[in-house]
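A short worksheet on the structure shown next.
We name chains A, B, ... by the order of the sequence lines, and we start the count at 1 in each one.
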Amino acid sequence: MTVLVDENTRVLVQGITGHQGTVHTRQMKAFGTRVVAGVTPGKAGTEVEGVPVFDTVREAVAATQANASCIFVPAPYAKDALIEAVDAGILLSVVVTEHIPFHDMLVMYHYSRSKGGRIIGPNCPGIAAPGKAKVGIIPNVVFQPGRVGVISRSGTLTYEIVNGIKERGLGQSTCIGLGGDPVVGTSFVDALPLFQGDPETDVIVLVGEIGGTAEEDGAEYIRHHVTKPVVAYIAGRSAPPGKRMGHAGAIISRGRGTAETKLAALSAAGAKVARFPYEIPDLVAEIVARQARR
Amino acid sequence: MTVLVDENTRVLVQGITGHQGTVHTRQMKAFGTRVVAGVTPGKAGTEVEGVPVFDTVREAVAATQANASCIFVPAPYAKDALIEAVDAGILLSVVVTEHIPFHDMLVMYHYSRSKGGRIIGPNCPGIAAPGKAKVGIIPNVVFQPGRVGVISRSGTLTYEIVNGIKERGLGQSTCIGLGGDPVVGTSFVDALPLFQGDPETDVIVLVGEIGGTAEEDGAEYIRHHVTKPVVAYIAGRSAPPGKRMGHAGAIISRGRGTAETKLAALSAAGAKVARFPYEIPDLVAEIVARQARR
Amino acid sequence: MVKLAEWRGKELFRKYGIPLPRGQVARTPEEAEALARAGTVPLPCVVKAQVLAGGRGKGGAVRFANTPEEAKTAAAAILGLEFKGEKVREVLLEEKLPIARELYLSITLDRSLRLPIVISSAQGGMEIETVDDTAIERTPVHPFPGLASYEKRRVAHVLGVTGPVAKSLDRLLDSLWTLFNREDAELVEINPLAVVGEGLVALDAKVIIEDDAAFRHPEYADIRDDRTPLEEIAREKEIAFVQLDGNIGVIANGAGLTMATLDVLKEFGGNPGVFLDLGGTDDPKKVTEAFLLMARAKPRAVFLNIFGGVTRCDTVARGLVEAMKQVPDAERFPLVARIRGNNEKEGVEILRAAGITSIPTLKDSAQAVIAAAGGAA
Amino acid sequence: MVKLAEWRGKELFRKYGIPLPRGQVARTPEEAEALARAGTVPLPCVVKAQVLAGGRGKGGAVRFANTPEEAKTAAAAILGLEFKGEKVREVLLEEKLPIARELYLSITLDRSLRLPIVISSAQGGMEIETVDDTAIERTPVHPFPGLASYEKRRVAHVLGVTGPVAKSLDRLLDSLWTLFNREDAELVEINPLAVVGEGLVALDAKVIIEDDAAFRHPEYADIRDDRTPLEEIAREKEIAFVQLDGNIGVIANGAGLTMATLDVLKEFGGNPGVFLDLGGTDDPKKVTEAFLLMARAKPRAVFLNIFGGVTRCDTVARGLVEAMKQVPDAERFPLVARIRGNNEKEGVEILRAAGITSIPTLKDSAQAVIAAAGGAA
C-alpha cells in the first residue's frame, strides 16, 4: 500500500443497490478496483454489476475479506452503516453521503478512531490511486498514474485540478478528497504524513477552502514535518463573509479561517501558492522539472 | 519497565487527602515508589506525606510529569476521576475504589482503552514490583524482590499467597491484583502476556475465584501463548452456588464459571493446579528448583 | 442485587414505553375481584403470584379467570401460597391476550467482552437455559454509539419478525437499551415477549438493578433481598455475612481468603455454617459488632482467619477480645484464631494475653477448629 | 442553519431545566400591557425585540418598563422597528432581576479538535469577540463519557463561582450539554448568564440548530432564515443559490469550483451577482429550473462553469438549451459557457447546435463573460 489504497484493497459498497451505489460500483470496477461485495439489508443473494450483495457487513466480510468500505447510504442511516463497518473490522471507510449531521459524525469519528479505523469524508469524493484502486466517486477520466499527490477539501474543483495535472502531461500517485463538512474523518494534518511517507509521491498539491482552520493546521504540519514540495490553492478568496457559526465560532478560530490567513500560513510554511486553480499544473510542472534536473 | 511499573513510574494519587489516600501514599513511599503528586479538588497548595497536592490532574501532570495514577476517590466520583486522568494523558490507572457501578466502569474501560490507556481494577489491591514501585495497597511486608510473577483476582488472599512465596525464600518480580468486580480493566488475558514477555519473571502464579469466565479465558491464552510455567489456584470450590445474575448470566457463561470448569481448563492448558493456597509456594519452589537444574 | 418483582419491573417498562398487557396489582382477593369487575383488568385475565422465583406456571402460582368471581378465587388461592420459600403478598392481574408467538429477549453484561449484550431467541416462554444454544443469538453492544440499527436488524432476523412487528421491536429495543443503562440494570429480561397482532407485548418482566448503583436509585431502598434476619442486620452494618447449613463460623477478611478458608475446612471434613467477611475494616468497633453477630448465629466453633494487609492484626485482636467479653454465656463458642501479616506480633500478643492462641498455618488451624466443633463430618 | 429567536431558544431552555427570568412573548403593544397588568410578567420588566441580530441594547431594541403603560409604550416603539434589516414581529417581556454579575457560557463545535467545546468567561454581557483571549476558557468535551465533573469544576473556576452558585452551574451545564446534543445544536449560547442571589439565570438565549439534522427536528420546519424570496424558492428546490451585489450570474457545480470561479471573475475585475451551485445533479429538469431561477435574478450576463464528474456535461447542456427556450424575453442574458469533463464532447456539441460556444479555459471564459456584462469594473 502506498497511501491507504492499492491493488490489495478489497472494496465493499454499503448502499450498493441505490442509484449512486450502483453507478459508482461500475465506475470503481472500470478503474480497476477490486469491488468484492455490496451490502443492502434485505437484498442478500442479488448481484449489482456482478458484485454479490449481502444483508450485513459481517457476512460480506466473512465471505469476501473486504477491507475497505464505500458508504452511499442516506444521511439518516450513515452513522449506523459506519458503525456496522467498524464492528465488522473494516478499518478504512470512505463516506460519500452528504448532509450527515455533525453530531452523528462526531460519534462516527471517535468510535472509528477508538477501534483504530480511519474515515475519509463524509460528503467527499473519496480516494483514488491511478492504476491501483479507487474508493469513491472521483471521475476515472481525470487520472493517469504519476507522482503528484493531491489532497483536497473540494469536490468538482478537485476533478478540475487533477484533470489539469493530467493535461499538463503529469500523473497522480494518490488523490484524496477529504470533504468539506465541519467534521471530517481525515483532515490535511492526517493526510499529509501519508504523502510525505509515500515513496511514490514527489510533489503534494493541497486544495483548501475558506472556513475552519484545517489549512492553517495543515500549514503548521508542513512547516515541521513535510520535506516534499507543496503547491497550495485556497478557493473562496472573494466569497462573501457568509453566515458564520455565531460569535462562538469566531472565538474558536481566533481570527483564522479566512483565505488570507490560510494562504499566509501555507506560504510561510514553504508551500508554493497558486492564485488560480489553473496555475497549479504549471507550478507542479516547474517543481517536477527542477527535481528532474537534480 | 518490566511489567507496567518500575523505577521510572511517577505516581499521582487521586483522592490523596482522604484517609485511605493518605495512609497508602505513606506506604507507597515506604515501598520506594516515586509518589510525585496528589489531587483533591480545592486542596491545591497543601501537602500530604510531603507530596504536593493539586486541584486538577492536568496541573499535577504539568508540574510533576506524573505518569500513573492511583485512584482512591469514592465510588460516585471514581468515573470522573478516571476520565480526568485519561484526559490528562495518564495511561496507567490503578482504581482501588470499590463499589463502582459496572455501568460506570464500562465507560471508564472503553474510554481509557480508546485513548491507549490501561486500568487496573477497580476494587483491586493494585500492582507492585518489589524494589521498584508499588501503585495500590498491597502491604509492603509481603514482598521481596525475586522472579515469581503473581496475577490474582483476590485481595487479602493475594497478600497471603505472596507472603507465602516470600516465606518459602522466593521473591516476586511483579504482583498484580486485578480486582474481582464484574468488569475489570485488566483481566488474566491482558496480564498474562506482560508476564510472558517479562525477562524478570520465571514462573507465573495465577489466583482466581469462582464467577465469570476470566480464568477459562486465561487458560485459553496460556494454552496458546504462555511458555513459562504457571501455578494456578481457584478460591471458592466449596462456596454455595450463590446468587447468579439471573438466567441470562448462565447463557453467557455457557456452563463455565465454576471452580471445576476453571481448574479443568487451567490444568488442560498445562498449569500446575494447587488445591490450597499454602500449596502454591511449594509448587513454585519445585518449578524453580527444576529450572535451576537446567 | 435488587431484584424487582414483575409488577415493579413492568412499572419501569411502562415508564420507558415498552408495550404491556393492561393489568394491575391486587393484595387481597376482594381487590382482585373489584379490578376485574370494574374492567380495570379486562376479562379473561391471568392472575400471577408476584414472587422472584421462576417456574410459577408449573408451580400453581399462575391461574386464569373468566369472571370477577374466578379472579377472586384465583387470587385467594395464590395469595395463600408460600412459593419456593417466598410468601406471596401480591398478585398481578393482566388481560389475557391472543398470542401468536412467544419470543425471548434480554440485555445483560458480558464480563469477558466487557460489553452489554442483547440475548434473543425465537423460542420464548420457557427457561432460556433449556433452549438449544444454536437457537440463541448474542449481540454485544458498545456503550459509546449505543444500540445500532444493524444490531436491531440482527435481533429482528433471529426473532423472525418483519414488517410492523419488526418496527415495534425496533422501538422496544431502544426502550430496553435505555432502561438497562439509565436504571443501572444488571439484567432486563422479557420472557415471553409475545407477538400479538401486529405488535409486541411484554408478558413478563425481570429487572435486576445493580447494588453498587444504589446511590443513584433511592427509589429501590425499600426492596429487600431474600435475606435471613441476621443477614439483614449485617447488611445494615455493612458486614458481608452469609448463613449456610454447617456448624463452624468463619470470620476472615476479603472474599478470596474467606472462600479459601471455606475450601480448606470442607476439604478436612469441616462444615462451615456462617461466613463473615470483615473486608478491609480497621475499626475495632466493627470487629466487635461482627463477633456479636456471629455469636447470635450460635456456631459450634468459630474460626478467625485474618491476613493483615490494610487491616492491622492488633486492631482485629483488640476488637475480638472486647467482643468476647460481651458475648452472653448462652452464645459462647470455642474460638480458633490465625492472624498473620501487618502488626502480627502485636496481635498475637493481645490474643495470648486474653488466653487465645493463634495457630500460624491454615492447615493446622483449620483442623483445630474442626476438632473444636466436634470433629469431621 | 436554523437560528432560533430568543424566546424560542428560551422555550428550549425551559424544557431542559435552565433557569430563566419569568417572561412572555407579546405581538402587540396591547398584549404587552395586558401581560404586565396581569402580573404574568412582574414589573419592572425588560422589553426586548425578538430579532436574530446582536447589539439590540445599543440599537434601541431593548427597553425597560415600570408600569403596564410603559410596557405598552416600549412594545409599541420596538414592534415598529426594522432592526438591521429584520422586521420586529415579537417582543419578549421579562422581569428585571437584581443582577450581581454577568457571565458568558456557550457550547459549540471545535472543528479542529472534532469535539464539542464549552466556552466560558467571567466577562459576560458583552460580545465575546471583544473579550480578551486570556479571559476566555475553552473546555473540549468528549462525546463518549460526556461532560465530566472535572470539566464542570474548571468552568466554575473560570467563572469565579462557588458554593450554591457553583451547584446551580453544575446542573445548568448538564442541561446545556444535553440540549446541545439532543437538539442537534451548532451553538447554544447564554450571554449574559446572570448571577442572581444564590443562583444563575439565563438572561439571553442563542440557539442554532444544524440544518443537516432537520430530518430529526420537524418542529423547526417553519423557521426561515434571512433569505431573499428567490433564495427561498431555490431552497425549496434544493438549489444552492446566493444573491450578491454584482451583475454576473455564475452557475457552477460544487462549492469549491463555484468559489474558485468567483475568485477568478473578481480577479479580472468582474462583479458576480448571483451564484448558483448545481451540486452533483444529473437531472436536466433541475438544470432547467436553476437557469430559470437565475434568469429571474436578472443578471447582465451568465457564466456557466461546469466540470463534469458525477454530473455529465451532456445532461447539463441539454438542460441549459431547454431552459434558454423558456426564458422570457425580458429576462434574456448573454451566456458564456465552459463545460469540461465527463461527456464533454457531447455536451459541447449540444451547445454548439444551440449556438453557444464553450470556451475551454477558465481564464478565457471568465474574461469573455466580464466583457459580455459590460467590461471590468
Side-chain angles (χ1 to χ4, degrees), chain B residues 20 23-24 75-76 98-107 109-111 114 125 137-139 141-142 152-160 163 180 182-184 187 207 209-210 212-214 217 233 235-240 243 245-254 259 275-278, chain C residues 1 3 54 106-112 114-117 119 127-129 133 136 138 142-144 181 184 186-187 189 191 206 208 210-213 215-216 225 242 244 252-260 262-267 272 280 306-311 340-342 361-363:
Chain B
Q20 264 208 316
V23 166
H24 290 292
E98 56 180 351
H99 296 309
I100 297 176
F102 79 79
H103 282 276
D104 285 6
M105 183 55 199
L106 284 177
V107 175
Y109 172 74
H110 290 287
Y111 186 61
S114 77
I137 61 169
I138 315 181
V141 293
V142 300
S152 173
R153 262 175 80 190
S154 298
T156 317
L157 181 58
T158 313
Y159 315 159
E160 167 99 47
N163 193 58
V183 179
V184 289
S187 66
V207 182
E209 288 180 5
I210 51 165
T213 60
D217 298 340
Y233 170 74
R237 266 199 327 277
S238 66
K243 293 147 190 167
M245 236 168 87
H247 296 303
I251 289 306
I252 288 175
S253 41
R254 305 193 200 197
R275 283 190 72 73
F276 301 110
Y278 49 77
Chain C
M1 102 187 97
K3 292 183 194 168
S106 69
I107 307 180
T108 186
L109 170 71
D110 186 317
R111 294 175 174 213
S112 291
R114 298 164 171 117
L115 289 174
I117 188 162
I119 302 176
E127 295 204 356
I128 190 68
E129 292 103 317
D133 205 58
I136 299 171
R138 296 158 182 83
H142 195 287
F144 177 24
N181 288 289
D184 281 300
E186 278 184 22
L187 171 72
E189 186 178 62
N191 188 20
K206 184 165 204 167
I208 303 178
E210 198 199 1
D211 256 347
D212 285 343
F215 68 89
R216 287 198 279 249
D225 228 330
V242 177
L244 309 173
N253 59 337
L257 185 59
T258 307
M259 283 195 280
L262 298 183
D263 292 348
V264 175
L265 285 174
K266 275 267 191 191
E267 188 73 17
I306 296 294
F307 196 92
V310 183
T311 316
R340 302 292 317 267
N342 191 5
T361 76
L362 183 51
K363 198 173 169 179

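- Residue B:Pro277 touches chain C through its side chain alone, counting heavy-atom pairs closer than 4.5 Å.
- Contact check for B:Val183 versus C:Arg111: no side-chain heavy atoms found under the 4.5 Å cut-off.
- Put simply, CG on C:Asn342 and CG on B:Asn163 are 11.0 Å apart, with the number rounded to the nearest 0.5 Å.
- Side-chain contact between C:Leu109 and B:Phe102 is present, with heavy atoms from C-beta onward closer than 4.5 Å.
- Between chain B and the options C:Ala260, C:Gly341, C:Ala252, the largest number of non-hydrogen pairs under 4.5 Å is found for C:Ala260.
- Residue B:Ile100 touches chain C through its backbone alone, counting heavy-atom pairs closer than 4.5 Å.
- Heavy atoms of B:Val142 lying under 4.5 Å from chain C belong exclusively to its side chain.
- When only modelled atom types and interatomic distance are considered, B:His99 and C:Asp212 share a side-chain donor-acceptor pair under 3.5 Å.
- With chain B as partner, the option from C:Asn191, C:Leu265, C:Asp184, C:Thr258 having the largest number of non-hydrogen pairs under 4.5 angstrom is C:Asp184.
- To the nearest 0.5 Å, the span separating CZ on B:Arg237 from CE on C:Met259 amounts to 11.5 Å.
- Minimum heavy-atom separation, C:Lys266 to B:Ser238: CG-CB, 3.4 Å.
- The closest side-chain heavy-atom distance from B:Phe276 to C:Lys363 is not below 4.5 Å.
- Remark: side-chain polar atoms of C:Arg114 are not paired, donor with acceptor, to backbone N or O of B:Leu106 under 3.5 angstrom.
- For chain C, the option among B:Asp104, B:Thr158, B:Val207 with the highest count of heavy-atom pairs below 4.5 Å is B:Asp104.
- B:Pro101 and C:Glu210 get closest at one heavy-atom pair: CA-OE1, 3.2 Å.
- Side chains of B:His103 and C:Asn181 form a contact here, defined as non-hydrogen atoms less than 4.5 Å apart.
- For chain C, no part of B:Tyr111 is nearby; none of its heavy atoms comes within less than 4.5 Å.
- Taking all atoms of both residues into account, the shortest heavy-atom contact from C:Gly256 to B:Ser154 is CA-OG, 3.6 Å.
- Using modelled atom types, no side-chain atom of B:Glu160 and backbone atom of C:Leu257 make a donor-acceptor pair closer than 3.5 Å.
- Checked by atom type and distance alone, the side chain of B:Thr156 pairs as donor or acceptor with a backbone atom of C:Asn253 at under 3.5 Å.
- Both the backbone and the side chain of B:Tyr159 come within contact range of chain C, judged by heavy atoms closer than 4.5 Å.
- A distance-only check finds no donor-acceptor pair linking the side chain of C:Asp263 to the backbone of B:Ala235 [under 3.5 Å].
- Under a 4.0 Å N-O distance rule, the pair B:Arg275/C:Glu267 qualifies as a salt bridge.
- Proximity of C:Phe144 to B:Ser114: side-chain heavy atoms (C-beta onward) are nowhere separated by under 4.5 Å.
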